Amino acid sequence: MSIVQLLQVPTAGAVNPGCTTVNGVAEKFRNASGNKAVFWAPQHEDNKIVGLAAVWSSQEDQKAWAASLEGQEVKSAIQRLSDGALYDDIVVFPEEPLPALGAKVVELISWIYSVKQFNAKKNDIEKGFKDFQSSVIEQAPEADGGSVSGWGQEFNHGGEPSRRFTLLIGWGSVDAHDACKKSKQFKDNLHHLTDHESMYMEDIVHYAYSQSLED
């Protein structure tokens, strides 16, 4: 089991991969007790949005650091950087997410389910991803780094207690992902992900997280 804090931060202007402000925030995450790795990148679809993924040894480590003085300072720095609604979730992945996060490009997609739907359909939703994973992702030559799925923390969505079901899927490139989506294999098996009604499906976005390892 791995814990990943996923942030998507809208900013006032385009963000370059070597942005010193974001690098400074990422470095503070890296230096935190219990942190295993940190990745960040501008969003492919909108380079005014910064995506950051911080991998933690445990939820207890993440919570302790978030409550510490340094954690509060980083929270304030992110709020100053933000120019809109902040996406911030702590996702529990039963499988190791580092291979997917280290792919050339990572697809990030989330569905929001009410807690009532979560309680009623959790196993079916998880099985749907596993079926899609084995039928498409593990067979696709365009895939890179693997894929994982997990549930985020409870939050208020439209006045209803809800949780996100989040996928991280590694691809060779955004173009490779687009090519895979056109394949018969992809189209024939997409229903495994879409058979379960959710309150809301968030945008499909891409991050080249691995480029931050080169900084």
Side-chain angles (χ1 to χ4, degrees), residues 1-10 34 36 39 43 45 49 51-67 71 75 78 82 84-101 103 106-138 143 145-170 177 181 186 188-207 209:
M1 181 184 296
S2 289
I3 311 301
V4 182
Q5 183 173 3
L6 292 169
L7 294 110
Q8 296 189 83
V9 186
K36 295 171 63 177
F39 304 80
Q43 189 188 104
E45 289 74 13
I49 298 177
L52 187 146
V55 185
W56 297 90
S57 297
S58 68
Q59 285 184 281
E60 290 73 21
D61 285 333
Q62 189 279 326
K63 288 178 180 178
W65 183 76
K75 181 179 179 179
I78 291 171
S82 178
L86 178 68
Y87 176 117
D88 186 1
D89 201 2
I90 312 295
V91 183
V92 180
F93 291 106
E95 299 174 342
E96 178 58 67
L98 287 173
L101 288 168
V106 181
E107 174 190 1
L108 168 60
I109 178 170
S110 296
W111 287 266
I112 297 177
Y113 292 90
S114 70
V115 169
K116 289 180 181 178
Q117 291 172 317
F118 167 80
N119 290 334
K121 300 181 179 181
K122 177 179 181 290
N123 291 340
D124 289 340
I125 293 166
E126 291 173 354
K127 182 180 184 300
F129 170 70
K130 287 294 185 185
D131 289 342
F132 181 81
Q133 185 183 44
S134 60
S135 300
V136 178
I137 303 168
E138 292 178 358
S147 56
V148 290
S149 66
W151 292 95
Q153 306 306 298
E154 185 175 320
F155 71 108
N156 184 300
H157 179 75
E160 188 165 7
S162 304
R163 295 180 70 173
R164 287 186 182 93
F165 183 63
T166 295
L167 313 184
L168 299 176
I169 304 175
H177 179 205
K181 288 192 292 186
F186 185 97
D188 286 350
N189 288 281
L190 185 59
H191 69 91
H192 291 305
L193 298 180
T194 58
D195 280 348
H196 313 288
E197 292 184 1
S198 67
M199 288 173 56
Y200 182 70
M201 182 180 124
E202 297 186 290
D203 290 340
I204 300 172
V205 295
H206 299 85
Y207 291 100
Y209 288 127

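By convention here, the first residue in the shown sequence is residue 1. On a predicted model such as this, the values are computed, not experimentally measured, just so you know.
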side-chain contact (heavy atoms from CB on, under 4.5 Å) assessment of Tyr209 paired with Leu108: CA-CA 11 Å; Tyr209 288 127; Leu108 168 60; 4.3 Å; yes
Please examine the side chains of Val205 and Gln8, heavy atoms only from C-beta on, and report whether any two atoms are closer than 4.5 Å. yes
Start with the C-alpha gap between Ile109 and Met201, add the side-chain angles, then the distance that decides, and say whether side-chain contact (heavy atoms from CB on, under 4.5 Å) holds. CA-CA 8 Å; Ile109 178 170; Met201 182 180 124; 4.0 Å; yes
Mind checking the CG-OG spacing from Leu193 to Ser149? Nearest 0.5 Å is all I need. 9.5 Å
Residue pair Ile169 / Val106, side-chain heavy-atom distance below 4.5 Å: no
Do other residues, nucleotides or ligands put more than 12 heavy atoms under 6.0 Å from the NZ atom of Lys181? yes
Gap between atom OG1 of Thr166 and atom CG of Asp89 - 0.5 Å precision: 6.0 Å
Do any N or O atoms from the side chain of Asp61 and from the backbone of Ser57 form a donor-acceptor pair under 3.5 angstrom? no
Heavy-atom pair of closest approach, residues Arg163 and Gly152: NE-O, 2.9 Å
Could you check if a side-chain atom of Phe132 sits within less than 4.5 angstrom of a side-chain atom of Leu167, using non-hydrogen atoms only? no
The criterion is side-chain hydrogen bond (donor to acceptor under 3.5 Å, both in side chains); which residues satisfy it with Glu154, sequence neighbours excluded? none
Classify the ring geometry between Trp56 and Trp65 as parallel (under 30°), tilted (30 to 60°) or perpendicular (over 60°). tilted
Looking at OG1 of Thr194 and NE2 of His191, how far apart are the two atoms once the value is rounded to the nearest 0.5 Å? 8.0 Å
Going by heavy atoms in the side chains, are Leu86 and Val9 under 4.5 Å from each other? yes
Is there a side-chain contact (heavy atoms from CB on, under 4.5 Å) between Val148 and Gln133? Walk through the geometry before answering. CA-CA 9 Å; Val148 290; Gln133 185 183 44; 5.8 Å; no
Less than 4.5 Å apart, side chain to side chain, heavy atoms only: is that true for Leu98 and Phe39? yes
Give the minimum heavy-atom separation between Asn156 and Gly159, together with the two atoms involved. OD1-N, 2.9 Å
Minimum heavy-atom separation for Ala103 to Gly170, with atom names? CB-CA, 3.5 Å
Near-ring test Tyr200/His157, centroid separation under 6.0 angstrom: yes
Where do Ile112 and Ser162 come nearest, in terms of heavy atoms and distance? CG2-CB, 3.7 Å
For the CD atom of Gln59 and the CE atom of Met1, what is their distance to the nearest 0.5 Å? 8.0 Å
SB check Glu160 Lys116 (cutoff 4.0 Å): no
Would you please classify the geometry between the Trp111 ring and the Phe165 ring as parallel, tilted or perpendicular, with 30° and 60° separating the classes? tilted
Donor-acceptor side-chain pairing of Gln5 and Asp88 below 3.5 angstrom: yes
When rounded to the nearest 0.5 Å, the distance separating NE2 of His192 from CD1 of Ile125 is 15.0 Å
Under 4.5 Å between any side-chain heavy atoms of Ser2 and Lys36, yes or no? yes
Could you tell me whether the side chains of Gln43 and His206 share a donor-acceptor contact shorter than 3.5 Å? no
List the residues meeting side-chain hydrogen bond (donor to acceptor under 3.5 Å, both in side chains) with Lys63, not counting sequence neighbours, and say none if there are none. none
Lys130/Glu126 ion pair, N-O < 4.0 Å: no
Less than 4.5 Å apart, any side-chain heavy atom of Ser114 and any of Pro161? no
Any chance you could measure Leu7, atom CG, to Tyr87, atom OH, to the nearest 0.5 Å? 9.5 Å
Between the side chains of Glu107 and Tyr207, is a donor N or O closer than 3.5 angstrom to an acceptor N or O? no
Over all atoms of both residues, closest heavy-atom pair of Ala100 and Gly146: CB-O, 3.7 Å
Is the charged tip of Arg164 near the ring of Phe118: under 6.0 Å from the six-membered ring centre and within 45° of its axis? no
Do the side chains of Ile137 and Phe129 get nearer than 4.5 Å, heavy atoms only? yes
Residues Ser135 and Asn189: closest non-hydrogen pair is CB-OD1, 3.4 Å
